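Not measured: the values here are computed from a predicted model.
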Amino acid sequence: MDEDLQALFMQARIARLASLRWGTPLRDAASVLFQSGALAYVRDSFDYFHLEGDEAVLDDVEDYLADRGVLTNAFA
């Protein structure tokens with residue numbers, strides 16, 4: 001499987017995990033991740049992130065969001 005496809009699968013896993021962690025529908029979590037640039041961040045950082053587990057990647061994505069003023073805890 002090529003790296004672009006692996007990165008796409010990671011983006012999907014992170015969106016699903018965010019939905020579960022934030023207690024929000026997948027559509028809403030994916031929208032936040034897309035609109036904030038976090039999905040692009042996951043793709044751009046794939047070389048680093050593929051060494052991490054999905055929970056650790058989502059932790060990093062949440063830091064990315066917090067740095068941009070996106071409040072993921074508003075879902076909880």
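- Partners of Asp2 under the salt bridge (charged side-chain N to carboxylate O under 4.0 Å, His left out) rule, at least two apart in sequence or in another chain, do not exist in this structure.
- Residue Gln35 holds its CD atom at 15.0 Å from CZ of Arg68, rounded to the nearest 0.5 Å.
- The heavy-atom pair separating Pro25 from Ser19 by the smallest distance is C-OG, 3.5 Å.
- Transitive grouping of hydrophobic side chains (ILVMFWY, heavy atoms separated by less than 4.5 Å) keeps Ile14 and Leu51 in distinct clusters.
- Hydrophobic cluster membership differs between Leu20 and Leu26, with clusters built from Ile, Leu, Val, Met, Phe, Trp and Tyr side chains linked at under 4.5 angstrom.
- Pairing each heavy atom of Trp22 with each of Leu58, the nearest pair is CZ2-CD1, 4.4 Å.
- In this structure, Tyr64 and Tyr41 have parallel ring planes: the angle between them is below the 30° cut-off, well short of the 60° mark.
- Across every non-hydrogen atom of Ala15 and Leu33, the tightest pair is CA-CD1, 3.6 Å.
- Electrostatic pairing of Glu3 and Arg43 counts as a salt bridge here, judged by a charged N lying under 4.0 Å from a carboxylate O.
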_Working note: Asp59 + Arg21, criterion salt bridge (Lys or Arg N to Asp or Glu O under 4.0 Å); need CA distance, chi angles, decisive distance, verdict._
CA-CA 11 Å; Asp59 289 343; Arg21 185 183 287 184; 2.8 Å; yes
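- For the residue pair Asp60 and Phe49, the shortest heavy atom distance occurs at OD1-CZ, 3.4 Å.
- Here the CZ atom belonging to Arg13 is positioned 10.0 Å from the CG atom belonging to Leu8, to the nearest 0.5 angstrom.
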